[in-house]
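All remarks here apply to the structure that follows.
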Amino acid sequence: MSTKPKIGFYWCASCGGCEESVVDLAEDVLMVTGAVDIIFWPCAMDFKKADIEAMPDKSIVATLLNGAIRSSEQEEMAHLLRRKSQVLIAYGSCAHTGGIPSLANQFTREQIMKFVYEDAPTMVNDQKTHPQPHSRDNGHELEIPVLRNVVRALDQVVDVDYYIPGCPPTPKLLKEAVLALLSGKLPPKGTVLAPDHAVCQECLRNDSKPQDISLTEFKRPHEIIADPEKCLLAQGLACMGPATRGGCDAVCIKGNMPCTGCFGPVSRVHDHGAKILSYLASTAAGKEEDEISATLAGIPDPVGTFYRYGLAKCLLRGKVS
Amino acid sequence: MKFSYFPGCSLKGTGRAYEESLFAVCRALGVEVQELDDWNCCGATAYMAVSEAAGYMMNTRNLALAERAPHDLLAPCSACYLSLKKTQHYIAEYPSIAEQATGALAAEKLTYAGKVAVRHPLEVLVKDVGLAAIKKAVKQPLTGLKVAPYYGCQIVRPFAEFDDQQNPVLMDKLLQALGAEVVRYPLKTRCCGGSLTGTIGEVGQRLSFILLNEAQRRGATCIATVCPLCQFNLDSYQAEISKQWSPVKMPVVYFTQLLGLALGLDAKSLGLHRCIVPLPPRAAPRQEVHA
Amino acid sequence: MEMKTNGWQPKIVAFFCNWCTYTAADLAGVSRMKYAPNIRIIRLMCSGRLDPQFVMAAFARGADGVLIGGCHPGDCHYVEGNYKTLRRMTLLKRMLADLGIEEDRCRLEWISASEGDKVKWVVNDMTEKLRALGPLDLPGKHKEWDAEMEALEKEVQTQQEGEPSHVH
Amino acid sequence: MKTKTNGEARIGFYVCHCGTNIAGVVNVAAVAEYAGKLPGVVVSRDYKYMCSDPGQELIQTDIKEHNLNRVVVASCSPLLHEHTFRTACEKGGLNPFCFQMVNIREHDSWVHDPGDPATEKAKALVRAAVKRVALHKPLEVKRTRIHPDVLVVGGGIAGIQAALTLANGSQNVYLVEREPTIGGHMAKFDKTFPTLDCAACILTPKMSAVAAHPNIKLWTYSEVVKVDGFVGNYKVQVRRNPRYVNEELCVGCAKCVDACVYKEEKFEDEFNEGLAKRKPVYLPFPQATPPVVVFDPDACIQLKTGKCKKSCLEACDRDAIIFDQKPETKEIEVGTIILATGFRTFDAGRLPQYGYGTLPNVYTSLQIERMVNASGPTDGHIMLKDGSKPKAVGIIHCIGSRDNRTNRWCSRVCCMYSMKLAHLIKQHTGAEVFNFYIDIRAPGKGYEEFYEKLQEEGVHFIRGRVAEVADWPLTKEEEGKLIIRVEDTLAGFVRRIPVDMVVLATGLEPQPDAQEVRRLFNISCSTEGWFLERHPKLAPVSTFTDGIFIAGCCQGPKDIPDTVAQAGAAAGEALSLINAGFIELEPNTSYVVADDCSGCKTCIPLCPYNAISRDEEKKKAVINEAICKGCGVCVAACPSGSIVQNLFTDDEIFSEIEAVLG
């Protein structure tokens, strides 16, 4: 039996982009596979849950779990992998802060089911059939996982050791994390494995930002052709860079798109959305309420904009009534 | 510009000239007035003195009727104006009265939401129609006519909503716009005797005398008023007053009548023939005035 | 809901600026004005110090209402801090509405140092409005949300103690 | 500074009874017991008066005996006693900022009824303070140098007194006055109550002393237009309006006035309250200081049209007239500022029922002051419009005071000056004098005695608010008279009292531009417009802005003795700062944690004092803590939580929020 350290990958409520990001390691993936045994990776390899259950507790050195937790099955797998792993890493925005799936916390489960199975424009369902957790077919008892009322980040379900942020994380961060694991030089538990400064520090357009921008209008990316050299915020785009953890090398901004906040906040911030709000409102002009409202009208969906990757980690955790 | 109109008893009786002149000037100035259907007594004096609650109920009914139309309610009689305003105030401030009123209205399937605005024609003419528009419409300026503006007590107390409580000036401004000379008349809000002229005559009439005598002393040709009771008190007893104290001869007219004259309307249509002490013909040059 | 409102008192966390509103609250005290005891005042030097995170934290920790008091526009001890507050609050109110927090639960008031009576009025008025809205109780709500996971967690625990078995 | 803050928090907690002020409402014993069980609290006590010496010693002893490193006191407002307890901590060997105060008097016992809710509130506030104080860090007090020069704004008796006190104490003073002369309202008075000494006799020497004082720079006809900086270091711009005269050359001989092409005095004389006229060029009054004429640009033909013979130029043998004089802006640096901008009198025309402006022989009190003054427009004769002496005079009190429709406050001086005028009128004319009053307010030294003296002199006092000054006689005797209609509330009936002259005792109001002035100086106003003192009893001449003091009627109506006392107090406060040489500033400033800062520049434009700049080499924000005034606006905005405000850190505030809720 191989003595190489055992590593697992798993996905919950996610788009699959995080899985792709592992492949984005390119030739470095060989370095990884050379150094570790991947014992569980449902996306790429045919291992079964029962195989994991059969393993002794803590026999996996590290599991990188991506995706938010929305269903009972995901919850169960999170518990299982937690038990079997020495180190559990929340990998990517969804596991880290709830990600895009947690925007669903603005709606009840019933609203979502009704929309998806009845009201969605692409849906034809005259019988108004909804999936049933328990059913009988051909004499068999069938069971599917239960959808939870709210979407959770991984650490809202099980204990998490480290976080690798990003939608998806960059190969660089993954490589550094794996190297740290292999070398055993791990930072204190709970650390986000990315720098603790904001994106602006890495942004090549930082110097082009004027000191006082006092915006009278916010624009959305499709409304302008952005100057590829200048600070996007100064051009009226609500860039989340100043309030978002760096480590991505400002990759979106290099693509002339504003930062949307996928790395989550820095460690000093308790509520990413509220902090984004505070900073963006501080750059707005106006002294009268009407004037201010008119300026801020360029941000049509504050919740969706400020908590795009982390409504689960909003201090309110979602829509509360 | 359209208003609901609450005449009250006076404008259909002793104050008929007020209604006639009001209608005439409104027509001339393009203000539409629609008499409130099925209105009842405002409860002034008699009811309010005996049972305030009954007074409020009666007025709430008038207000509820008025709310069926989307217009402000015009109440030219000072007593009506005050009773309606007072009722609105008490209903807004005291839930127990409001509850009682709601109950009373329910018997007639009426409701009152507290939305209708009660307005006095002086305010409507000066502020809504506007002095500029009135000035433009003047055909016969009242040049040389010396008028003592008399507001009486009720449109400024306790709710002076559209003018100064101590020193109301809207009528002064209106009369000046008509070309009249306004006499400084510091008694403009002093009591005319009110109901006392009917009960304790010598007390009430003495109060009327003071007003008439002072207007005369200050060289006024006439007194202009906004209130049917004031007009009645001041106009009707001048013979007795002259005997009792000293001779007075002072025409007392409604401000709407003077406005009508300035707009070139004929004296008859303004009800000027109903005055006991006639307005001298010089003031109404186009028409002979019958006493 | 009925059960919860039994004996329930609204909790208001207030953030008052040192120069105007905090002083006004002191004045209300010196003038012995009586008002509802539901408010807990936290002093900031300027309403401009108010980080929207504080409002979120207060709600998350169980406040039924958050009151922010600053100097009147043009009167800020720090020239323009209150305008910065106004900008943040304008956006925050919109966001809170989207998150299902009723408008009356988060209030911005300009109260100058001389307006002790306004402190009294605002606190009483806000307390009444919160009473009418009922408890927000986010800690309770979050606990309720998480109750759905308890069954599984328990099962996982017993599993750890005994033999591995299938959950479904 | 010795500081014991290492290791775990060891907190001492003290709750004050404040006599029964707190203990009568809040169960202090229960609060102390509760606090004793909170994490980190090692001593918990309640005590009768924590601010007393034994109370403070209690803290000091406990710090030593129990090795405390944090202290919390629950008592009154920190705005009152925070400094007291910080000092006590310091004396006990603790850094003064390892202390937190809980306001359970102004914010609790004084505003709530006795009982559980008040006690529960106290516990919640205590919980928050205890949790917060554990996070406190020792801080150093910052010092700032005090520029020794002082600016005094307003040259009435308050400003004069303050300026002289400071100048006599060897300080350089700038005295700025808007009018062409100093002297203010007092210069218009004839006598002062209750001693009846001549106002000019006591004021004129002070005015001359100001003009002659080597330490006082007197700028009349000037206004403060801009104020920057902070205590100890104010930069002030003063605009000197052109009076079209070289102040250095003019000696006030008034030859130009005689030579003016206007032979008649045609323009309203402000100093004589409209009772006299003056020329376009004039000396405001004989003792005007500085004794320099002034040209009225709205009246002078040369200034209005440029087409005048300019006979004044020839008349002036000192060539002092400068028709093309321009406004001039001076920039000065001062450490402290005293505002003594005074009041205006109520406009009696706002109450038409009293006939001011419409009835002849209705005067304001200030007009009578001028009339009775020997150098006034009537050479000291009190006379009616027709030149005759009045036989009966009515003085109506509370015009624009104690009235819901105008001003609610008592103007404090009207009762006394009305009695003074009653005395003078009686003395000068022998007339019957009637005072119509609501209450007589004579609460000063010798004031009640003065009231008694007036009664003995036969001055009538009728209690009742006058309804009207009427000119409509009902009897022969009333004809040609002013009839005062009043309900005599002591006799219980309505009276009509005919008089020849009516004096309206107009009240005091804030200056019409009080709001602009207070914005300029960044101080507060009451809703009425009076400048707000820092504390009505303990800091009556201080404002909420350090280094700015107020004196005289700009703070509220008061008489000359009180004004002079306040002016002295304000000067004393300024002197105490100057003598100390520096002021200790609250260390609640903010700083950037350079390692955390991403250099996003969000904070830079937000600072009202331009204290934040960008280190272009490191690409990080830097706060100049000497300029920072500690509002924390940048901290709230910093998108990466990289700015920390001392005494108000995020962690401290979050812990307060958490603990206050349970």
Side-chain angles (χ1 to χ4, degrees), chain A residues 49-50 53-54 57 69 72-73 75-76 79-80 82-83 105-106 143-146 148-150 152 156-158 269-289 292-293 295-297 299 301-307 311 314-321, chain C residues 48-61 73-74 80 82-102 105 108 133-134 136-138 140-142 144-157 159-160 163-168:
Chain A
K49 183 184 164 208
E53 282 171 336
D57 286 358
I69 309 297
S72 55
E73 183 204 20
E75 226 172 273
E76 189 193 334
H79 281 288
L80 177 64
R82 169 71 275 184
R83 189 145 54 91
N105 286 356
Q106 294 176 88
E143 215 169 310
I144 59 168
V146 181
R148 293 306 194 199
N149 282 304
V150 288
R152 295 182 173 85
Q156 288 171 324
V157 178
V158 294
V269 169
H270 296 225
D271 187 305
H272 196 198
K275 197 78 231 198
I276 293 170
L277 182 150
S278 186
Y279 122 79
L280 274 180
S282 300
T283 63
K287 288 193 172 177
E288 300 294 324
E289 234 170 314
I292 298 168
S293 295
T295 301
L296 297 172
I299 302 170
D301 174 16
V303 175
T305 312
F306 305 155
Y307 293 105
L311 191 54
C314 163
L315 288 171
L316 306 189
R317 295 184 56 184
K319 189 164 177 170
V320 294
S321 63
Chain C
R49 172 70 182 92
L50 183 95
D51 188 323
Q53 291 188 96
F54 299 161
V55 178
M56 303 295 273
F59 282 129
R61 291 287 179 176
E80 295 204 326
N82 48 6
Y83 289 114
K84 287 148 195 164
T85 314
L86 182 62
R87 288 172 200 145
R88 289 186 195 125
M89 289 299 292
T90 307
L91 193 51
L92 181 63
K93 279 185 172 175
R94 249 176 74 202
M95 190 176 89
L96 287 175
D98 290 350
L99 288 171
I101 304 265
E102 295 90 344
R105 292 197 190 272
L108 173 65
L133 283 172
L136 180 63
D137 189 22
L138 286 192
K141 207 158 276 175
H142 289 163
E144 212 173 277
W145 288 357
D146 286 343
E148 64 179 354
M149 298 195 300
E150 273 170 26
L152 183 71
E153 250 175 277
K154 250 182 223 150
E155 211 166 324
V156 170
Q157 264 165 19
Q159 225 178 75
Q160 274 175 324
E163 281 287 297
S165 72
H166 291 277
V167 174
H168 287 174

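Lettering follows sequence order; numbering is per chain, from 1.
Heavy-atom pairs under 4.5 Å with chain C peak, among Gly286(A), Ser282(A), Ala285(A), at Gly286(A). Contact count against chain A (heavy-atom pairs under 4.5 Å) is highest for His142(C) among Lys84(C), Glu80(C), His142(C). Of the listed residues (Val157(A), Leu296(A), Leu277(A)), the greatest number of heavy-atom pairs within a distance under 4.5 Å of chain C belongs to Leu277(A). Chosen from Lys275(A), His272(A), Glu288(A), the residue pairing most often with chain C at heavy-atom distances under 4.5 Å is Lys275(A).
Taking a cutoff of 4.0 Å between a charged side-chain nitrogen and a carboxylate oxygen, Arg152(A) and Glu148(C) qualify as a salt bridge.
With contacts defined as side-chain heavy-atom distances shorter than 4.5 Å, the pair Pro73(C)/Lys287(A) does not qualify. The side-chain heavy atoms of Leu99(C) and Val320(A), taken from C-beta on, include no pair separated by under 4.5 Å. With a 4.5 Å cut-off on side-chain heavy atoms, Leu316(A) and Phe59(C) count as touching.
Within 6.0 Å of the CZ atom in Arg61(C), the count of heavy atoms belonging to other residues, nucleotides or ligands does not exceed 12.
Rounded to the nearest 0.5 angstrom, Lys319(A) NZ and Ile101(C) CD1 are separated by 11.0 Å. Here Ser278(A) contributes atom OG and Leu50(C) contributes atom CG; the two are 8.0 Å apart, rounded to the nearest 0.5 Å. Residue Met95(C) holds its CE atom at 11.0 Å from CD1 of Ile299(A), rounded to the nearest 0.5 Å. For the atom pair CZ of Arg87(C) and CG of Leu280(A), the computed distance is 13.0 Å after rounding to the nearest 0.5 Å. Rounded to the nearest 0.5 Å, atoms CG (Asp146(C)) and CZ (Arg317(A)) are 4.5 Å apart.
Contact of Leu311(A) with chain C is made through the side chain alone, with heavy-atom distances under 4.5 Å. With a 4.5 Å cut-off on non-hydrogen atoms, Leu91(C) touches chain A through its backbone and its side chain both. In this structure, the portions of Val269(A) lying under 4.5 Å from any heavy atom of chain C include both its backbone and its side chain. Looking at Phe306(A), the atoms closer than 4.5 Å to chain C (heavy atoms on both sides) all sit in the side chain, from C-beta outward.
Checking side-chain atoms of Gln53(C) against main-chain N and O of Asp271(A) turns up a donor-acceptor pair under 3.5 Å. Side chain of Thr90(C) to backbone of Ser293(A): no donor-acceptor contact under 3.5 angstrom is found.
Between Arg148(A) and Met149(C), the shortest heavy-atom contact is NH2-CA, 4.3 Å. Residue Ala274(A) comes nearest to Met56(C) through the heavy atom pair CB-CG, 3.8 Å, listed as atom of the first residue, atom of the second, then distance.
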